[in-house]
Amino acid sequence: MADLLGSILSSMERPPQVGDQESRRKAREQAARLKKMQEHEKRQKVEFRKRMEKEISDFIQDSTQTKRKFNPMSKIERSILHDVVEVAGLTSFSFGDDEESRYVMIFKKEFAPSDDELEAYRKGEEWNPIKAEEKKRLKEQAQKEAEEDAMRAPSSINPNTDYKDKYSHLIGKIAAKDAAHTLQANKAYGCVPVANKRDTRSIEEAMNEIRAKKRLKAEDGDTALGNS
């Protein structure tokens, strides 16, 4: 009976000690603080989105504005702003080298920035459309002049190396110059100078020679038949 009572008592959960109660209390307080922070952050996001929606709406209704630059903001805020802009049917871009200085610029669809304008913002420069147009005009003019100069210039092929300079240390400058203009046929490799390949006969002379060869061949055939 004593053993049964002892086993029942040992299986029963012991009452929490003072240390356990303190740990549970701290865990509950930490969870409550975390929940409160999450709710506060959620409210901030909602308020920020409402404020951005109001500013974007004012921007759309203002016909004098084609673009707008916002102050630097956090990554979460930029993400919310990009989403609001997309829903409104506008265009937005983020610029800035580091996270603390990154900002958002929004544009109306009909005034979307060009590649040159975006490149200027990425470099941290101010965009001046008048200067940009002048720069573009000068670039096109320079390119056109370069193309005209290339068409006027005579086409010539300049080798990377000079033959006589390459071998002058072996055979001298005069001999190297003469060798560059002289073609020596190498019979061992079947090389024939171009002058030897050229047929200097006229068409009439060539035809007469072909006819003579044909007559000679025919006469040889007749002679062979007569002998047989």
With sequence neighbours left out, the residues meeting salt bridge (charged side-chain N to carboxylate O under 4.0 Å, His left out) with Glu53 are Arg49
Hits for salt bridge (charged side-chain N to carboxylate O under 4.0 Å, His left out) against Asp116, two or more places apart or cross-chain, chain-then-number order -> none
Find out whether the Lys NZ or Arg CZ of Lys67 is both under 6.0 angstrom from the six-membered ring centre of Phe111 and within 45° of the ring's axis. no
Considering all heavy atoms, the nearest [X]-[Y] contact:
| X | Y | value |
| --- | --- | --- |
| Gly89 | Lys109 | O-CG, 3.0 Å |
| Lys108 | Ser63 | NZ-CA, 4.1 Å |
| Arg102 | Gly96 | NH1-O, 2.6 Å |

If you count the non-hydrogen atoms of other residues, nucleotides and ligands that lie under 6.0 Å from [atom1] in [X], is the total more than 12?
| X | atom1 | value |
| --- | --- | --- |
| Leu34 | CG | yes |
| Glu126 | CD | no |
| Glu86 | CD | no |
| Asp115 | CG | no |
| Gln30 | CD | no |
| Ile76 | CD1 | no |
| Glu39 | CD | yes |

So, taking the atom named [atom1] in [X] and the one named [atom2] in [Y], what distance separates them when rounded to the nearest 0.5 Å?
| X | Y | atom1 | atom2 | value |
| --- | --- | --- | --- | --- |
| Ile210 | Arg215 | CD1 | CZ | 12.0 Å |
| Phe59 | Thr66 | CZ | OG1 | 6.5 Å |
| Thr91 | Glu110 | OG1 | CD | 9.5 Å |
| Phe107 | Lys69 | CZ | NZ | 10.5 Å |
| Met73 | Ser79 | CE | OG | 11.5 Å |

Between Gln44 and His40, is the side-chain hydrogen bond (donor to acceptor under 3.5 Å, both in side chains) condition met? List the steps. CA-CA 6 Å; Gln44 282 186 327; His40 177 69; 3.2 Å; yes
So that I can tick it off, tell me whether [Y] and [X] are bridged by a salt bridge, with the cut-off set at under 4.0 angstrom between side-chain N and carboxylate O.
| X | Y | value |
| --- | --- | --- |
| Arg137 | Glu134 | yes |
| Glu99 | Arg78 | yes |
| Lys45 | Glu41 | yes |
| Arg25 | Glu22 | yes |
| Lys54 | Asp58 | yes |
| Glu209 | Lys213 | yes |

- Message: Tell me if the centroids of the rings in Phe95 and Tyr121 come within less than 6.0 Å of each other.
- Response: yes
Exercise for the section: List the steps, then state whether side-chain contact (heavy atoms from CB on, under 4.5 Å) holds for Ser114 with Glu119. Expected result: CA-CA 9 Å; Ser114 62; Glu119 185 64 23; over 6 Å; no
Would Ile60 and Val84 show up in the same hydrophobic cluster when neighbours are defined by side-chain heavy atoms closer than 4.5 Å? yes
inquiry  = I'd like to know if Met105 and Leu90 are part of one continuous hydrophobic network [Ile/Leu/Val/Met/Phe/Trp/Tyr, side-chain heavy atoms within less than 4.5 Å].
reply    = no
With a 4.5 Å heavy-atom cut-off, do [X] and [Y] have their side chains touching?
| X | Y | value |
| --- | --- | --- |
| Ile56 | Leu81 | yes |
| Leu118 | Phe93 | yes |
| Arg152 | Asp149 | yes |
| Phe70 | Glu55 | yes |

ask   = When you measure from the side chain of Glu145 to the backbone N and O of Ala142, does any donor-acceptor pair fall under 3.5 Å?
value = no
- Task: Answer yes or no: is there a donor N or O on one side and an acceptor on the other, between the side chain of Arg68 and the main chain of Ile106, under 3.5 Å?
- Result: no
Only residue of Arg28, Lys26, Gln21 satisfying side chain to side chain contact (heavy atoms under 4.5 Å, CB included) with Arg24 is Arg28
By ring-ring contact (aromatic ring centres under 6.0 Å, His included), Phe48 pairs with (sequence neighbours left out) none
